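Structure, as structure tokens:
As the structure is a computational prediction, the values presented were derived from the model and not from experiment. Remember, it's 1-based here, ligands and their atoms both numbered in the order they're listed. Note that the numbering runs from 1 along the sequence shown for the chain.
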Amino acid sequence: MTEMRERIIVALDTDAHTALALARTLQGKVEWLKVGMTLYYAEGPEIVTKLREMGFKIFVDLKLNDIPHQVEGAAREISRLGASMFTVHAAGGRAMMEAAVKGACESSQECGLDTPDVIAVTVLTSIHDDDLAAIGVGGSSAAQVERLAKLAREAGVQGVVCSPLEAARMRELLGLEALVVTPGVRPAGSDAGDQSRIATPAQAVAAGASHLVIGRPITGSDEPGAAVDRIVSEG
Ligand code: C5P
């Protein structure tokens, strides 16, 4: 059985200096770090290499969405950096997701690296049904999440990002092998901040999450390592 410590992905939504200091504190405490748009666009691809060289697995969360040729190229470059997981928007369509998988497989093989898992973002949790209607998508966000998750499965990606409240349905739809990555995780008794659809780490895993993206409850703590230990002992 996978241990809670192996499931935690710490989101480093900070500047590079803070990110590297956090990474040093978290060595031996977690396996995964997430580099999102803010850190990546500020520091460039080297931040992925630096964190990887410290021994972490890196989740590059840039939510790719472009024509298949461009996404295949981006997937090749992300894979060459040694990322272990990266995101694409399922709304970019089947051919685009297939291009991401192809780029990741080919490039990692050429470089002799492990092939990163491609993870599809379905509907951002910041989007409401009204927002979907405004961009011409009829029906509920729940229906759209399911439609895009099925498309992602057909395209051959390895998993999806979703809220903990959608994790059980995603697990049912995608099967036991799929990766189900959930942000919006808050340890019992901690501040929810701007997250609204939240669950505790144990609840998220019970619902079917394979990985938990946790940011501020760890990165905002005076003792990030101890915050991880508390989450692990809770779970
Ligand atoms: O600090 P916190 O634990 O809220 O961070 C959660 C991380 O997950 C952030 O990096 C945020 O961008 C990401 N995320 C999210 N909700 C989504 C998708 C991603 O909070 N629906």
Side-chain angles (χ1 to χ4, degrees), residues 4 7-16 18-19 22-23 25-26 29-30 32-43 47-48 51 56-65 83-92 117-129 131-132 141-142 144-146 148-149 152 157 159-167 169-170 179-205 207-222 224 227-228 230-232 234-235:
M4 183 62 91
R7 298 180 186 275
I8 296 173
I9 305 177
V10 180
L12 297 178
D13 302 320
T14 62
D15 60 78
T18 313
L22 277 164
T25 312
L26 291 169
K29 294 283 180 187
V30 292
W32 285 92
L33 299 176
K34 182 179 91 114
V35 175
M37 288 188 193
T38 304
L39 182 56
Y40 188 89
Y41 290 133
E43 300 304 324
I47 190 70
V48 177
L51 294 169
F56 292 99
K57 295 182 195 167
I58 310 299
F59 173 25
V60 175
D61 185 20
L62 297 178
K63 301 186 175 66
L64 307 179
N65 191 358
S84 297
M85 197 189 273
F86 68 92
T87 43
V88 298
H89 267 290
D117 290 315
V118 181
I119 304 295
V121 177
T122 56
V123 177
L124 293 171
T125 45
S126 52
I127 298 269
H128 299 290
D129 291 357
D131 300 311
L132 283 180
S141 57
Q144 181 69 353
V145 167
E146 291 204 8
L148 290 173
V157 308
V160 294
V161 182
C162 66
S163 105
L165 308 188
E166 291 156 358
R169 182 67 187 123
M170 290 297 106
L179 300 179
V180 175
V181 180
T182 61
V185 175
R186 287 291 175 266
S190 71
D191 183 8
D194 53 4
Q195 295 280 11
S196 49
R197 300 164 70 206
I198 58 172
T200 65
Q203 286 167 341
V205 171
S210 59
H211 295 82
L212 314 174
V213 177
I214 308 178
R216 289 160 294 177
I218 295 171
T219 59
S221 162
D222 291 339
V228 170
R230 276 195 297 278
I231 293 169
V232 169
E234 241 184 59

For [atom], what's the nearest protein heavy-atom neighbour? Residue, atom name and distance, please.
atom: atom 13 (C) of ligand 1; value: Lys34 NZ, 3.8 Å
atom: atom 15 (C) of ligand 1; value: Pro183 CB, 3.5 Å
atom: atom 20 (O) of ligand 1; value: Gln195 NE2, 2.7 Å
atom: atom 21 (N) of ligand 1; value: Thr125 OG1, 2.5 Å

Quiz item: Which ligand 1 atoms does Arg186 reach within 4.0 Å, using its non-hydrogen atoms?
Solution: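 Selected atoms, number and element: 1 (O), 2 (P), 3 (O), 4 (O).
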Quiz item: Can you list the atoms of ligand 1 that are under 4.0 Å from a heavy atom of Arg216?
Solution: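 Contacts of ligand 1 toward Arg216, numbered from 1: 1 (O), 2 (P), 3 (O), 4 (O).
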Can you find a pair of side-chain heavy atoms, one from [X] and one from [Y], that are under 4.5 Å apart?
X: Leu33; Y: Leu22; result: no
X: Val48; Y: Tyr40; result: yes
X: Met85; Y: Trp32; result: yes
X: Glu234; Y: Pro201; result: yes

Quiz item: Once you round to the nearest 0.5 Å, how far does CG of Leu39 lie from CG of Leu51?
Solution: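 Interatomic distance, Leu39 CG to Leu51 CG, rounded to 0.5 Å: 7.0 Å.
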Quiz item: Can you tell me how far NZ of Lys63 sits from CD1 of Ile119, rounded to the nearest 0.5 angstrom?
Solution: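 One gets 12.0 Å once the value is rounded to the nearest 0.5 Å.
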Practice problem: Just let me know how Pro217 lines up against ligand 1, side chain, backbone, both or neither, with a heavy-atom cut-off below 4.0 Å. | Solution: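 Side chain only; the backbone of Pro217 stays clear of ligand 1.
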Quiz item: Does Asp13 approach ligand 1 within less than 4.0 angstrom via side chain, backbone, both or neither, non-hydrogen atoms only?
Solution: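 Side chain only.
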Quiz item: Of all the heavy atoms in Val213, does at least one lie under 4.0 Å from an atom in ligand 1?
Solution: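 Yes, Val213 has heavy atoms under 4.0 Å from ligand 1.
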Quiz item: Between Ser210 and Val180, is there a donor-acceptor pair closer than 3.5 Å when you use the side chain of the first and the backbone of the second?
Solution: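 Between the backbone of Val180 and the side chain of Ser210 there is a qualifying donor-acceptor contact (under 3.5 Å).
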Quiz item: Is a donor on one side and an acceptor on the other found under 3.5 Å between the side chain of Thr219 and the backbone of Leu12?
Solution: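 Such a contact is absent between Thr219 side chain and Leu12 backbone.
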Practice problem: For ligand 1, find out whether one of its N or O atoms is nearer than 3.5 Å to an N or O atom of Asp61. | Solution: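 No, there is no polar N/O contact under 3.5 Å.
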Practice problem: Indicate yes or no: does an N/O atom of Gly215 lie under 3.5 Å from an N/O atom of ligand 1? | Solution: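 Such a contact does occur with ligand 1.
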